[in-house]
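These numbers were taken from a predicted model, which means no experiment stands behind them.
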Amino acid sequence: MIDKAKWIKSPENREEACYDFFKSFKIDKKVKSAVLNITAMGMYRAFINGDRVGDEIFTPYFTEYNKRLQFQSYDVTEMIDENTELSVICAEGWAVGYMRAGENQRNHYADNISLKFSLDIVYEDDTTENIVSDENVKVRSSYIVSSSIYHGETVDKSVEICELGNALVDENVEAVIIPQQGEKVKEQEVIKPVCLIETPLGEKVIDFGQNLAGYVEVKACGNAGDVVEISHAEILDKEGNFYTANLRTAKQKTKYTLSGNGVEVFKPTFSWQGFRYIRIDKYPGNEINLDNFRAIVVHSDMKRTGDFVCGNPKINQLYHNVIWGQKSNFIDIPTDCPQRDERHGWTGDAQVFVRTAAINFDVEKFFEKWLSDLAAVQFEDGGVTWLAPNYKNRYLQDVSSGWGDAATICPWEIYLAYGNKKILENRFESMKKWVDYIHNFGEEEYLWLGGKQFGDWLALDNEDGSYKGATPYDYISSAYFAYSTSLLVKAGNVLGYDVAEYEELYKNIVKAFKERFISDGLPVSNTQTAYAIALYFDLCTDKKKTADGLARLVRENGNKLTTGFVGTPYLLHALSENGYADVAFDLLLQEEYPSWLYSVNRGATTIWEHWDGVKEDGTFWSTDMNSYNHYAYGSVYDWIFGCAAGIKIFPDGAGYKHISVKPNIDKRLGFLKAEIKTRQGELSSYWYYKGDEVYFEFVIPNGTVAKITLPDGRIETVTGGKYIYGI
């Protein structure tokens, strides 16, 4: 039992070093069962008699360790022999290692790696034995000389392994141990190289053809001491040279020193990279054989639930990029990006994308775990900071609308997608605390004014180079105040709670918002974002006038958007739900900058952080904030699914029990088919043209009631089955 074990540490504590904790023991009875319960302040990988235990990577994963540190349990019955050695190699990981987070760049949760385990054996005579971590465990050095999440890994197979002595009991670990809650992280697929490039600078670069998160497995043969060294990058520069400036301080390098014992295979154990390209900095001999390199994709072990195809190949590529953005950034937590010195659980990115995430993959378990960390880092006054986990609350004490609102938006969207009230039960107190925080902020009771806000992050309607858009922060914050309060009320009603107080609060917020921010039926801020969120959050005094105004702003801007992280997720919805589906399709299909297809036309295989991550002249937007694998703008797919395919969940039909199927068609797509595996079964919407006629085919799962609305005005309510229509 793991609670009987002691936390132990290495007698040596060298920065970025990996240590191998090991214990040998004899078994003189027949084993009925053996379970290894194990965790670490850092990362670990366990072996029994040299064979790997389990197939997970990066365990025990990233949580707010002092409040929630997961342990994993493995059935190792078949691995136990008469003479057995348990070996656990540990790295610094998130808890100890370098993570760019405020002034304190290291040791966010601990000053050293610590390990805790219990191997619980039941013999066939029903006697038991617990082999636990304690001061009798020995420690030795490792072939993994150094490992860092950002910087990569160095492995030296020529180095002599040295025993360092017995482990020390670590009395300073601050952690609450809990059973595994989230999804496992695993190797998912293999990608072979597309080509070998010699750049203008003479660099040898391998292109895998896909931006991804993972690592490269390398085969090499050489003499003892020969070195393989690889650098990773997402993109080549204007001249075609290897480009890493956007990685900031992250080195993203792997280095392997050969033992000289024939063909050797290397890959990282405790580090991953975000990349499409690798530069071969060193390699034995002069010949680069592409068969010796393969990219291994890693992400949380989520089941794929959604699929999409249409008659427009560029939209299909956009969808491909959305999927890969999610795979690259759902590595235990919803990270912002997988490559630079960040990879944090940004709350704003998560709430923007959560609906799309739940269409593409089954993310119920993934978000249950992450939202538990969000609640764990929530401040006593209810404020929710920018990150979860939040480095023992030492990194960011600031709160922003649109980011903290993940506390209400994510639980509600996960409930809608899967119909499980437990997510609302577990997170209701967190939702309530967040709304109370806003209510108690400042002097205005029904508006959120002031504070340190991100605003419409990376919008294009402010001065060139600005990170923040032109929509006033107070407008955005107060709108989210209304929206989060409305979601709290909905959650309370689902759970049967008395939320009359918050129903009244919501009415007062809406009234105050309209009085301060709406003039003559229109938002006082003349931005696409201001109009879009007023429509989407139902804060208008005149919806038609506001929708007309939004369409006008888009048309006057050449059918181009100007929105950032706040406005973009709602822009197309606001248009199509208010009579301007044609304008929404124009935006979706726009190919000039700024647009979703601009990056597609420039060869993107994932979603960019900036609309102009690569400018039209081939130069870059910036070096400090320019990721080419940032999933937030991939939220456009929830519009394609919800409006173009027309599938939406009614509030009383969570889990796809009661849905609307109301497709919006556009001949420029040719045809469209969206599918999803719901908790009720397979659901799909398919429309296609034959000449001037349009045909619709819908598959409705048993247990689902669907209200089908066709473009010619026909309405039919159906249950499970296949339905075909023509107009």
Side-chain angles (χ1 to χ4, degrees), residues 1-2 4-28 31 34-60 69 71-93 95-97 110 112-121 129-147 153-171 173 177 259 261 266-270:
M1 298 172 64
I2 198 166
K4 294 182 179 179
K6 296 178 181 178
W7 281 106
I8 56 174
K9 63 182 179 180
S10 168
E12 176 186 282
N13 183 26
R14 184 167 49 84
E15 191 171 298
E16 294 190 2
C18 294
Y19 296 105
D20 186 357
F21 297 79
F22 66 101
K23 189 168 189 175
S24 300
F25 53 92
K26 290 182 176 291
I27 299 293
D28 56 8
V31 175
V35 175
L36 176 64
N37 297 297
I38 182 170
T39 189
M41 190 63 83
M43 288 183 187
Y44 73 84
R45 183 166 293 180
F47 300 85
I48 292 180
N49 293 331
D51 294 328
R52 181 176 168 184
V53 176
D55 59 357
E56 301 172 65
I57 53 179
F58 311 146
T59 48
L69 173 56
F71 73 88
Q72 288 72 42
S73 298
Y74 303 95
D75 184 342
V76 295
T77 307
E78 302 301 320
M79 303 180 75
I80 302 298
D81 290 334
E82 182 180 346
N83 295 293
T84 298
E85 181 188 80
L86 171 64
S87 165
V88 185
I89 301 175
C90 295
E92 292 182 338
V96 183
N112 53 264
I113 297 166
S114 300
L115 174 68
K116 190 173 190 178
F117 66 80
S118 176
L119 177 57
D120 304 326
I121 302 173
E129 184 175 4
N130 304 108
I131 297 168
V132 300
S133 52
D134 57 23
E135 53 268 54
N136 295 313
V137 173
K138 297 179 185 259
V139 185
R140 59 194 171 205
S141 61
S142 165
Y143 290 121
I144 307 174
V145 176
S146 67
S147 183
E153 206 157 272
T154 298
V155 176
D156 189 345
K157 284 295 184 74
S158 69
V159 74
E160 181 181 353
I161 300 299
C162 302
E163 287 201 19
L164 303 174
N166 281 28
L168 306 177
V169 174
D170 193 343
E171 303 285 358
V173 178
I177 299 177
S259 68
N261 295 321
F266 298 94
K267 62 182 177 181
T269 301
F270 300 113

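- In this structure, Y44 OH and I113 CD1 are separated by 14.5 Å, a value rounded to the nearest 0.5 Å.
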Does L119 form a side-chain contact (heavy atoms from CB on, under 4.5 Å) with I80? I'd like the steps, not just the answer.
CA-CA 10 Å; L119 177 57; I80 302 298; 4.0 Å; yes
Walk me through it: do L69 and V173 pass the test side-chain contact (heavy atoms from CB on, under 4.5 Å)?
CA-CA 11 Å; L69 173 56; V173 178; 5.5 Å; no
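- A side-chain contact (heavy atoms from CB on, under 4.5 Å) with Y74 holds for exactly one of I38, N37, V35; it is I38.
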Using the rule given for side-chain contact (heavy atoms from CB on, under 4.5 Å), can you reason through I131 versus L86, listing the C-alpha separation, both sets of side-chain angles and the distance that settles it, and then say yes or no?
CA-CA 10 Å; I131 297 168; L86 171 64; 5.6 Å; no
Criterion side-chain contact (heavy atoms from CB on, under 4.5 Å) on S10 and F21, from CA distance to verdict:
CA-CA 8 Å; S10 168; F21 297 79; 4.2 Å; yes
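- Taking SG from C90 and NZ from K9, the interatomic distance works out to 14.0 Å, rounded to the nearest 0.5 Å.
- For the atom pair CG (L115) and CG (N112), the distance works out to 11.5 Å, reported to the nearest 0.5 Å.
- Under 4.0 Å is where a charged nitrogen must lie from a carboxylate oxygen, and between D134 and K23 at least one such pair does.
- Across E153 and F270, no two heavy atoms sit closer than the pair OE1-N, 2.9 Å.
- Residues P11 and V139 meet the side-chain proximity criterion, which asks for heavy atoms closer than 4.5 Å.
- To the nearest 0.5 Å, the span separating CG on L36 from OG1 on T77 amounts to 11.0 Å.
- Within the 4.5 Å cutoff, side-chain heavy atoms of E163 are placed close to those of F22.
- Annotation: side chain of M41 is not in contact with side chain of K116 (no heavy-atom distance under 4.5 Å).
- K267 NZ: more than 12 foreign heavy atoms inside a 6.0 Å radius.
- Between I89 atom CD1 and R140 atom CZ the span is 8.0 Å, to the nearest 0.5 Å.
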